[in-house]
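Just so you know, these numbers use all the heavy atoms, side chains as well, and skip hydrogens, waters and symmetry mates. In what follows, residues are counted from 1 in the order of the sequence shown.
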Amino acid sequence: MDHLASPADLLEAAESYLLHLHSVLAHLPADPPVYARVSAALAGSTIGKHVRHILDHFSILLAVERPDQCASYMRRERSTDTESSVGGGQAAIMRVVERIRQKKQQQQQLEQKKQQQQQQQGELLVAADARVFIEDTMPGNDTAAFVSSWARELWFCTHHMIHHNAIIACLMHEFGLQPPAEFAYAPSTLKAKQNTAS
C-alpha cells in the first residue's frame with residue numbers, strides 16, 4: 001500500500017472520471033446520432049441509459065448530508081433528457097461534478113475544523129469516514145440495508161462508473177466508433193498495463 005486515500009483523493013478521482021466521460025460524449029457524432037441508439041448486442045441498452053445509470057448512483061450518494069443517513073441505490077429517478085441527448089447527459093454530468101466540487105470544499109472545511117479542534121457536535125457536513133446505510137434489493141426482491149462509509153461508497157460509485165464506461169466503449173465499437181485508449185479501464189488495470197510494458 002502506497003498511502004491511505006484521503007477524501008480529496010477520492011473526490012478528485014470521481015471528478016476526473018466524470019469529466020473524462022463528459023469529454024468522450026462531446027466527441028460522439030450528432031449525425032447519425034448514436035447517444036440514444038439502441039444496441040443490437042445488448043437488448044435495450046444505449047449510451048445514454050448507461051450515463052444516466054452512472055449519474056443516478058453518484059446523485060444518490062451526494063444527497064447524503066448527515067452521518068447514519070440511508071442512501072438507496074434502488075430508488076433511482078429516470079431522466080429521459082439525460083438518456084436521450086448528449087447535451088442532456090453532459091449537463092447532468094456537470095451537475096454531479098458541481099456537487100463533487102462542493103463536497104471537496106466541505107471536506108476541506110471539515111479538515112480545517114478538525115485541525116483547529118473546533119468541530120461542533122451535530123455538524124451537518126458529512127465526513128468521508130462517516131457511517132452511512134445503504135439500502136438495496138437483494139435476491140428474492142427483499143430490501144436490505146447494510147453499513148458502509150461515505151468514502152467507500154464514493155469509491156464504489158467511481159468503480160461502478162468505470163465498468164459502465166466499459167459497456168459504453170463496447171457500444172461505441174458496435175456503432176463503428178473508437179473510444180479513447182484509456183477510457184473504461186480501472187486504475188489497477190492501467191497500472192498493470194504499464195508494468196507489463198516496462
Side-chain angles (χ1 to χ4, degrees), residues 7-39 42 44-65 69 71-109 124-126 128 132 134 136 150-151 153-187:
D9 293 334
L10 299 173
L11 289 160
E12 193 65 41
E15 181 179 353
S16 174
Y17 276 101
L18 284 162
L19 290 174
H20 191 200
L21 177 58
H22 186 278
S23 173
V24 169
L25 297 183
H27 292 92
L28 291 178
D31 191 24
V34 297
Y35 185 76
R37 182 174 165 188
V38 179
S39 169
L42 297 169
S45 190
T46 70
I47 291 171
K49 286 181 180 179
H50 286 282
V51 170
R52 192 258 316 141
H53 182 75
I54 289 165
L55 298 176
D56 283 348
H57 281 71
F58 276 107
S59 296
I60 289 164
L61 180 64
L62 290 167
V64 171
E65 295 182 348
Q69 188 173 340
S72 180
Y73 294 131
M74 66 183 187
R75 299 177 199 269
R76 299 187 304 269
E77 292 184 23
R78 306 292 194 242
S79 171
T80 55
D81 189 45
T82 301
E83 291 181 10
S84 61
S85 75
V86 170
Q90 288 181 302
I93 289 170
M94 292 313 296
R95 285 192 297 272
V96 171
V97 166
E98 184 54 36
R99 285 287 294 127
I100 286 174
R101 290 174 177 164
Q102 291 170 359
K103 185 62 76 174
K104 283 169 41 176
Q105 291 176 341
Q106 291 172 350
Q107 290 299 320
Q108 289 172 349
Q109 291 170 2
L124 290 178
L125 302 179
V126 179
V132 295
I134 303 301
D136 212 340
W150 195 89
E153 292 305 308
L154 179 61
W155 193 237
F156 159 74
C157 287
T158 302
H159 260 263
H160 176 255
M161 174 174 54
I162 293 165
H163 290 286
H164 278 275
N165 285 352
I167 297 169
I168 290 170
C170 289
L171 293 174
M172 290 176 71
H173 282 294
E174 178 184 342
F175 302 151
L177 305 171
Q178 184 65 41
E182 73 285 358
F183 184 62
Y185 285 102

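Considering CD of Gln90 and NE2 of His22, their distance stands at 4.0 Å, rounded to 0.5 Å. With rounding to the nearest 0.5 Å, the separation of CD in Glu12 from CZ in Arg101 is 9.0 Å. To the nearest 0.5 Å, atoms CD (Glu83) and CG (Leu55) are separated by 10.5 Å. Summarising the geometry, atom CG belonging to Asp56 is positioned 14.0 Å from atom CE belonging to Met74; distances are rounded to the nearest 0.5 Å. The structure places CD1 of Ile100 at 12.0 Å from CD of Gln107, a figure rounded to the nearest 0.5 Å. One distance of note links CZ of Arg52 with OG1 of Thr46; it measures 8.5 Å at 0.5 Å rounding.
Inter-residue side-chain proximity for Ile93 and Ile54 is flagged as unmet; no heavy-atom pair is nearer than 4.5 Å. Annotation: side chain of Thr158 is not in contact with side chain of Leu10 (no heavy-atom distance under 4.5 Å). Between Pro29 and Leu177, some side-chain heavy-atom pair lies under the 4.5 Å cut-off. Contact annotation: the side chain of Val24 approaches that of Pro180 to within less than 4.5 Å [non-hydrogen atoms, C-beta and beyond]. Between Tyr35 and Leu171, every side-chain heavy-atom pair lies at or beyond the 4.5 Å cut-off. Between Leu18 and Phe58 there is a side-chain heavy-atom pair separated by less than 4.5 Å.
A pairwise comparison of heavy atoms in Gln69 and Ala63 identifies NE2-O, 3.6 Å as the closest pair. Nearest heavy-atom pair across Glu174 and Ser39 is OE1-OG, 2.6 Å. Looking at every heavy atom in both residues, Ser84 comes nearest to Ala36 through O-CB, 3.8 Å. Between Val64 and Ala71, the shortest heavy-atom distance links the atoms CG2-CB, 3.8 Å. In terms of heavy atoms, Trp155 sits closest to Pro187 at CH2-CG, 4.4 Å.
Every side-chain hydrogen bond (donor to acceptor under 3.5 Å, both in side chains) that Ser45 has, sequence neighbours left out, goes to His50. Under the side-chain hydrogen bond (donor to acceptor under 3.5 Å, both in side chains) criterion, His163 pairs with no residue, sequence neighbours left out. Take Tyr73 and apply the side chain to side chain contact (heavy atoms under 4.5 Å, CB included) test, not counting sequence neighbours, and it matches His57, Ile60, Leu61, Ile134, Asp136, Glu153, Phe156, Cys157.
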**OP:** Begin with the C-alpha distance, continue with both residues' side-chain angles, and end with the deciding distance and a verdict on side-chain contact (heavy atoms from CB on, under 4.5 Å) for Ile47 and Leu25.
**Re:** CA-CA 9 Å; Ile47 291 171; Leu25 297 183; 4.1 Å; yes
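No more than 12 heavy atoms of other residues, nucleotides or ligands lie within 6.0 Å of NE2 in His27, so this atom counts as exposed by the packing criterion. The number of heavy atoms from other shown groups lying within 6.0 Å of CZ (Phe183) is above 12.
Between the side chain of Ser23 and the main chain of Leu19, no donor-acceptor pair closer than 3.5 Å is present. Between the side chain of Lys49 and the main chain of Gly44, a donor-acceptor pair closer than 3.5 Å is present.
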